[in-house]
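Structure first, commentary second.
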Number of protein chains: 2
Amino acid sequence: MSNGFELPLRLLMAFRVLIDALHEELAERGHPDMRPMHGFVLQAVARGADSAASLGRTLGVSKQAAGKTIETLEGLGYVTRVPDPADSRRKTVVLTGRGTDALRQSAEVFDELRARWAAELGAGRLDDLEDTLRRMTPGDLFRLDVPGWFG
Amino acid sequence: MSNGFELPLRLLMAFRVLIDALHEELAERGHPDMRPMHGFVLQAVARGADSAASLGRTLGVSKQAAGKTIETLEGLGYVTRVPDPADSRRKTVVLTGRGTDALRQSAEVFDELRARWAAELGAGRLDDLEDTLRRMTPGDLFRLDVPGWFG
DNA sequence: CTAAGATAGACAATGTCGTTGTCCATATAG
DNA sequence: CTATATGGACAACGACATTGTCTATCTTAG
């Protein structure tokens, strides 16, 4: 195999390793129905994408698709929609207690996973890894338009 | 933002950076209709997943889904199906000239991208990155069952 | 103030891509 | 030879995205 092939695959697998571990752990902590996508969406909502239209823009999908995703999350109990008093067209998307819990738990698990990596690699090597990745990736971390990108 | 959140996102973005650059370059080299998925499938075919059923197993999807993917790739001219003389149920999937060209070009571009990273980071840091990733990811690189995994 | 345009969200039709179930032809094992 | 497993095609369905259209509402220009 050529050299260059390995790097992207390792990056993807490392991501998968973390995300799979996250969701295994989340399932045991009361969030068995969370999917990788949902974490992204909840993050986006928490960061201000609090309507179908703005969520769609943040995620790089149509507002209709964003609306359906919100419906799904609403069905799972992670968000609610409340009418916006200042603009009666809008329905503001709000994280429920369960939603904020999911985010808090995700953060905890990610911190634990990072600690596990630090223990295995040594803190220095992990810091180096993060520094290197920071140098090779765009600064704005939250371009979350991942959904259909791969197909 | 908590510390642990950053690592997985950076890993994913680094992967995206490479894959986007690859396909931008591939488009200019005569493969504008290649999608990220297609590279994975062609790889799998080249590595011996030469029937709908075995491709499905390798990719972690049903044989029907694999069959449709093969049809698509066939329509794009990357593979052909030839009857297997030893087993008249099977139709062996074979890379066309265009298919092998796509793989060769991908390898070239990945090598160039890796060289670009080496130039920017220094060869030592890039080697460190790859070593670190190798330590944290499974050995068998070609578990390519990526398709629906994210949903 | 009013008219024009932009925006939020709902609804419908459609496309893509995965799934399961069924079926037939063919290999393979007992 | 017979029973079972396998490869591939076809059909029905579901998840999830798309575009287009519609109404209600907000915002801006004149």
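Quick note on labels: first sequence line is chain A, next is B, and so on, each numbered from 1.
For the pair E71(A) CD and dG9(C) P, the interatomic distance rounds to 12 Å; values are reported in whole Å. Counting to the nearest Å, the C1' atom of dT16(C) and the CG atom of L73(B) are 15 Å from each other. Counting to the nearest Å, the C1' atom of dG8(D) and the CG atom of D50(B) are 14 Å from each other. Summarising the geometry, the separation between CZ on R90(A) and C1' on dA6(C) is reported as 14 Å, rounded to the nearest angstrom. Between the CZ atom of R35(A) and the P atom of dA17(D) there is a distance of 13 Å, rounded to whole Å.
OP1 or OP2 of dA17(D) has at least one side-chain nitrogen or oxygen of T69(A) nearer than 4.0 Å. Applying the 4.0 Å criterion to OP1 and OP2 of dT18(D), one finds that S62(A) has a side-chain N or O inside that range. Of the side-chain N and O atoms in R81(B), one or more sit less than 4.0 angstrom from OP1 or OP2 of dA9(D). Contact check, K68(A) against dC11(C): no side-chain N or O comes under 4.0 Å of OP1 or OP2. For dG7(D), the OP1/OP2 oxygens have a side-chain nitrogen or oxygen of R57(B) closer than 4.0 Å. Within the structure, every side-chain polar atom (N or O) of S54(B) is placed at least 4.0 Å from both OP1 and OP2 of dG7(D).
Between the D84(B) side chain and the T92(B) main chain, no donor and acceptor come within less than 3.5 Å of each other.
Closest to the side chain of K91(B), out of dA9(D), dG9(C), dT19(C), is dA9(D).
Contact of the L103(B) side chain with the L95(B) side chain is registered, since non-hydrogen atoms from C-beta on lie closer than 4.5 Å.
Between the side chains of D101(A) and H31(A), a donor-acceptor pair is found at a separation under 3.5 Å.
A donor-acceptor contact under 3.5 Å links the side chain of K63(B) to the base of dG8(D). Side-chain N/O atoms of Q64(B) and base N/O atoms of dG21(C) include a donor-acceptor pair closer than 3.5 Å.
Ring planes of F40(B) and F15(B): perpendicular class, angle over 60° (limits at 30 and 60°).
By the side-chain contact (heavy atoms from CB on, under 4.5 Å) test, A52(B) is found to be paired with I70(B), residues two or more places apart in sequence or in another chain being considered. For R57(B), the side-chain contact (heavy atoms from CB on, under 4.5 Å) partners are A53(B), S54(B), not counting sequence neighbours.
Residue A53(B) is classed as a sugar-phosphate contact, given heavy-atom separations below 4.0 Å to backbone atoms only.
Just one of V94(B), T72(B), L42(B) meets the side-chain contact (heavy atoms from CB on, under 4.5 Å) condition when paired with V79(B); it is L42(B).
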- What string of B, S and - do you get for nucleotides 24-30 of chain C, 5' to 3', when a contact is any protein heavy atom under 4.0 Å? -BBS---
